[in-house]
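Worth knowing before you read on, the calculation uses all heavy atoms, side chains too, and leaves out hydrogens, waters and symmetry mates. One-based numbering, in listed order, for ligands and for the atoms of each.
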Amino acid sequence: MIFLAKARFLSLFLVFHYVVEFCIGGDVITASEYIQDPGSITSSGGLYRMGFFSPNGSANRYVGIWYNNVPRYSVLWVANRKNPILDSSGVMTISGDGNLVVMNGKRELVWSSNVSNSVTNAKAQLLDSGNLVLLKQSSNSSANDAENLWESFQHMTDSFLEKMKLSTNSRTNEKQALTSWKSPSDPSIGSFSASLDPRNIPELFIWNGSSLYWRSGPWNGNIFTGVPEMQSVYSNGFAEASYMSYLLLKSNGDLVQPYWDQSSSSWGIVWSSRLSDCDVYGQCGPFGICNAKKSPICSCLKGFEPKNFEEWSRGNWSSGCIRKSLLQCNGTTNGSSTAGKKDGFLKLEIMKVPSSGIFFSTLEEDCPGNCSMNCSCVAYAYDSGVGCVFWIGELIDLQKFSIGGTTLYVRLAHSELEKKGHLREIIATTVIIGTLVVIIIIWFARRKAKKQAVKQSMEKHLSSGEAPSVVMLGENLSRVEFQEFVKYKIEELAAATGNFCEANKLGRGGFGPVYKGRLPNGQEIAIKRLSRASGQGQQEFMNEMEVICKVQHRNLVRLLGCCAEGDEKMLIYEFMPNKSLDTFIFDPLKQVHLDWRTRFNIVDGICRGLLYLHRDSRLRIIHRDLKASNILLDKELNPKISDFGMARIFGGNENQANTRRVVGTYGYMAPEYAMEGRFSEKSDVFSFGILLLEIVSGRRNTSFHYEDQCLSLLGLAWKLWNEEDVLALVDPTMPATPFEVQLSRCINVGLLCTQERAKDRPSISTVISMINSEIVDLPRPKQPAFTARKITQDTDSSGQSQKTCSANDVTLTVLQGR
Ligand SMILES: *[C@@H]1O[C@H](CO)[C@@H](O)[C@H](O)[C@H]1NC(C)=O
Ligand SMILES: *[C@@H]1O[C@H](CO)[C@@H](O)[C@H](O)[C@H]1NC(C)=O
Ligand SMILES: *[C@@H]1O[C@H](CO)[C@@H](O)[C@H](O)[C@H]1NC(C)=O
Ligand SMILES: *[C@@H]1O[C@H](CO)[C@@H](O)[C@H](O)[C@H]1NC(C)=O
Ligand SMILES: *[C@@H]1O[C@H](CO)[C@@H](O)[C@H](O)[C@H]1NC(C)=O
Ligand SMILES: *[C@@H]1O[C@H](CO)[C@@H](O)[C@H](O)[C@H]1NC(C)=O
Ligand SMILES: *[C@@H]1O[C@H](CO)[C@@H](O)[C@H](O)[C@H]1NC(C)=O
Ligand SMILES: *[C@@H]1O[C@H](CO)[C@@H](O)[C@H](O)[C@H]1NC(C)=O
Ligand SMILES: *[C@@H]1O[C@H](CO)[C@@H](O)[C@H](O)[C@H]1NC(C)=O
């Protein structure tokens, strides 16, 4: 009997293989080309397969998608997860109304894509991204505009693939979520779900039903601050050759990242949301702090004691801790004559910050003052990517990490702060973390494409004396979308701009005209209509824009979305009412209102935006066309750099240090870039140096007459430097200022930034330290670039000789032969 059953199983197995072999090749399902259990289809590149399967430990049949070439499959998506087919009679096909459906042997509907606008001619296709799409089949052979009626990426189950997007629409609160299986043998919807919460500060949450189970900590634009192992290297933001790794929300509530290890032919785990019990939300109750390396793991914050000593000693920490001494606020509010001194703040380093922080300001300096002023503020923290955040009420889900984390300041009564506590904790790396690091590094070392990036990052960190960063989540999580990237239709944009009428034209940038527009909801936008020069295809362009869309900083103009239809490519930006910096600093009427404080704030902001582009953003962008007209000003005259990333579209590969196509503006271009097409962070520093001198002097860096000499601004600055009269460069219309020392510092820095040789120029982070006087002794500049030669009168391309010394502020797009 048993023997018989085994034999039958074996023959079934053979049939299975037989059929599967037969089906390889097709990646579409139509009404006539359907899948019948146990058949399957394979994506065209052979990476993914879709067909019928039974989960481990169950005989039920489901339609799923899994990695094709992996013998022990892990299912990435399930269609009929709620309705299994009990025998092997299932069929997946296109129904009469154009929906993708799964039916059982009695032709009863088990699952449907359930798209309402019916189409008669539809087909489903399994793409090489792992996405299953339902397409309106176009009779047009050039059918690259086939419309997606439905896609599995929009209806994810428990797995998150690299190209997916987990998004929450903050307006409609419509969420995409991963939902766990009920158990490893039952794909129906379990109790855990994972979604992004974009309210206040974006964060990834895992819910058990309606109660919070795990939180990632706030997203700082680069990593989730509560996942300290997740440090991104400077990658160019693109997926390299596909490798099998994804995120999986397991039925026990753990979010893990499995990957296929080719050498051992098995699945490994790169990362797990639960490394210790500390990762369970609220483990130690209010004001409790969890440290996985201590025993017991929970303790009370300094100045606090267990609310219920008895329960606490039994290891029931849920009730948390209470203050030993009441807060006095600023020492006067509680009135009592014995009331103590003003409250202070306890500094806790390397922390996972508590949940429910309130974003307050982007400025670090606003943080301590405002928190201590507001008596209900019990803690604050600052992270350059998140900003200044504070907490009111109870502090829940605090954790002490051994690497990364954030510095948290907790309000304590003055009397508690004075007491000496055993506060210092030794930071030791545990075996767990150590092993993880090794695994990850090995894993990445295997990935050829990544190798270089990791190496660079390490060198960078080693040279700056920091520990090497560790890549943990790969690109999966860092690709999480927080801001909706909107793909606009050309009709919408035409309507918003009055059909791109001349009256709505804001100006003409280097890459095409810019229009002002107003969306139906009243939002004002700026639309850059790209000239046709971009050689990119639509999809490539969209991918690029989506990546650039994630580069966000308060000193960068925000890209809201884009549009690519036919030949047209447009970028949609937030609208800046105060236009660009050149309309201020070079305008005799407006420049009077720009006092030095405002100008310095602009200089500082530009530096910070540039630092973010060069160092902190995931893309490591070199701007290549920094100039006054590319600095926009918001209502408060805060600077925002625009047009960053354009070189990626127009100039090709950012990592390539040589380019055939030079994109830049005369007068701002570093010599090595203008002449040899070599660009680097230092060529941006050069442009910044010119900009800095322009802001100080209120003059363009085009040549002008000065005491009968034909000099560029840079030439003049160098002349005055040698005459030890740099303050003569300062804009005479600028209201008098007591900041002469700072002004001469800035001119000195401007000259350092414009040195002939790139290696003599400081990096932008050094520039920040220099202008903020953190570096006290500035080096003396050598002769800057372009000042040795005497400027002759310009000859423009048409051969006309101009009488003045001026050069036009035009963007050059020089194709340089090599
Ligand atoms: C299936 O389940 C058994 C027992 O539960 C387990 O030993 C085996 O590894 C599982 N197989 C797969 C492919 O997960
Ligand atoms: C299909 O969609 C309609 C609305 O569009 C909804 O009312 C219905 O419940 C859906 N059916 C299934 C099986 O999801
Ligand atoms: C096919 O598509 C092209 C461009 O997408 C269009 O110009 C043409 O009119 C279409 N033909 C038909 C028959 O729809
Ligand atoms: C999830 O919630 C259910 C019901 O509230 C509970 O029984 C279960 O223990 C929770 N699971 C975990 C892992 O906390
Ligand atoms: C833990 O303590 C709380 C109150 O402090 C109590 O309500 C709860 O029942 C306790 N849980 C267990 C498992 O003892
Ligand atoms: C003032 O003292 C009362 C108790 O005396 C306390 O409840 C209250 O929280 C204190 N106010 C502040 C701001 O700490
Ligand atoms: C104390 O705080 C209150 C408001 O909470 C404020 O009005 C008062 O000016 C503060 N006093 C001092 C000395 O800071
Ligand atoms: C509080 O924040 C505001 C900006 O929101 C800032 O102008 C002010 O200086 C801050 N106050 C203190 C005491 O830091
Ligand atoms: C303190 O901050 C809370 C939360 O933002 C706010 O509601 C409250 O008005 C603030 N209180 C004062 C005195 O500013």
Side-chain angles (χ1 to χ4, degrees), residues 158 177-184 186 188-195 200-201 205-215 248-256 272-288 290 296-300 304-322 329-333 342-345 355 357-377 379-382 386-392 394 396-397 409 411 554 597-598 601 604-605 634-638:
D158 64 343
L178 296 178
T179 45
S180 69
W181 287 19
K182 204 160 234 163
S183 75
D186 181 0
S188 61
I189 295 174
S191 62
F192 293 95
S193 64
S195 58
N200 201 5
I201 310 161
F205 289 132
I206 298 175
W207 302 88
N208 179 5
S210 58
S211 54
L212 194 52
Y213 180 64
W214 179 80
R215 44 185 285 273
L248 170 69
L249 181 62
K250 300 205 314 183
S251 52
N252 66 359
D254 292 351
L255 186 67
V256 296
S272 167
S273 62
R274 195 163 62 161
L275 295 175
S276 74
D277 286 341
C278 283
D279 291 314
V280 174
Y281 175 77
Q283 185 69 257
C284 302
F287 300 110
C290 200
I297 54 173
C298 287
S299 54
C300 287
F304 289 77
E305 60 192 7
K307 188 165 181 186
N308 183 332
F309 275 97
E310 205 177 307
E311 294 283 2
W312 189 272
S313 61
R314 273 197 263 136
N316 175 359
W317 301 300
S318 58
S319 52
C321 311
I322 51 169
C329 192
N330 56 12
T332 58
T333 43
K342 192 173 173 204
D343 295 336
F345 285 89
S355 65
I358 300 166
F359 171 78
F360 169 69
S361 152
T362 52
L363 297 176
E364 184 170 11
E365 51 273 25
D366 283 353
C367 240
N370 276 284
C371 184
S372 65
M373 288 276 285
N374 186 331
C375 297
S376 43
C377 174
Y380 70 88
Y382 175 81
V386 182
C388 173
V389 175
F390 68 71
W391 285 265
I392 56 177
E394 290 175 332
I396 301 176
D397 205 35
Y409 296 85
R411 186 184 212 110
R554 77 188 164 102
R597 216 182 257 280
T598 313
N601 180 48
D604 192 54
D634 72 3
K635 263 194 293 213
E636 284 91 38
L637 297 183
N638 290 309

Quick one: does any side-chain atom of [X] pair with a main-chain N or O of [Y] as donor and acceptor, under 3.5 Å?
| X | Y | answer |
| --- | --- | --- |
| W317 | G288 | no |
| D186 | K182 | no |
| R411 | C371 | yes |
| D397 | G282 | yes |
| E311 | N316 | no |

- Give the atoms of ligand 8, by number and element, whose distance to some non-hydrogen atom of N370 is under 4.0 Å. 1 (C), 2 (O), 3 (C), 8 (C), 10 (C), 11 (N), 12 (C), 14 (O)

- Taking only heavy atoms of F360, which atoms of ligand 8 are found under 4.0 Å from at least one of them? 2 (O), 5 (O)

- Message: Checking contacts here: is it the side chain or the backbone of W214 that comes within 4.0 Å of ligand 4, counting heavy atoms only? Could be both or neither.
- Response: neither

- Proximal ligand 4 atoms for N208, defined as those under 4.0 Å from one of its heavy atoms: 1 (C), 2 (O), 3 (C), 8 (C), 10 (C), 11 (N), 12 (C), 14 (O)

- Task: Would you check ligand 5 and list the protein residues that come within less than 4.0 Å of it by any heavy atom, ordered by chain and number?
- Result: N308, E311, N316, S318, S319

Value rounded to 0.5 Å, distance of [atom1] in [X] from [atom2] in [Y]:
| X | Y | atom1 | atom2 | answer |
| --- | --- | --- | --- | --- |
| S211 | Y281 | OG | OH | 10.0 Å |
| I206 | D254 | CD1 | CG | 7.5 Å |
| W214 | D279 | CH2 | CG | 8.0 Å |

- Query: Judging by distance only, is a nitrogen or oxygen of N252 under 3.5 angstrom from one on ligand 4?
  - Reply: no

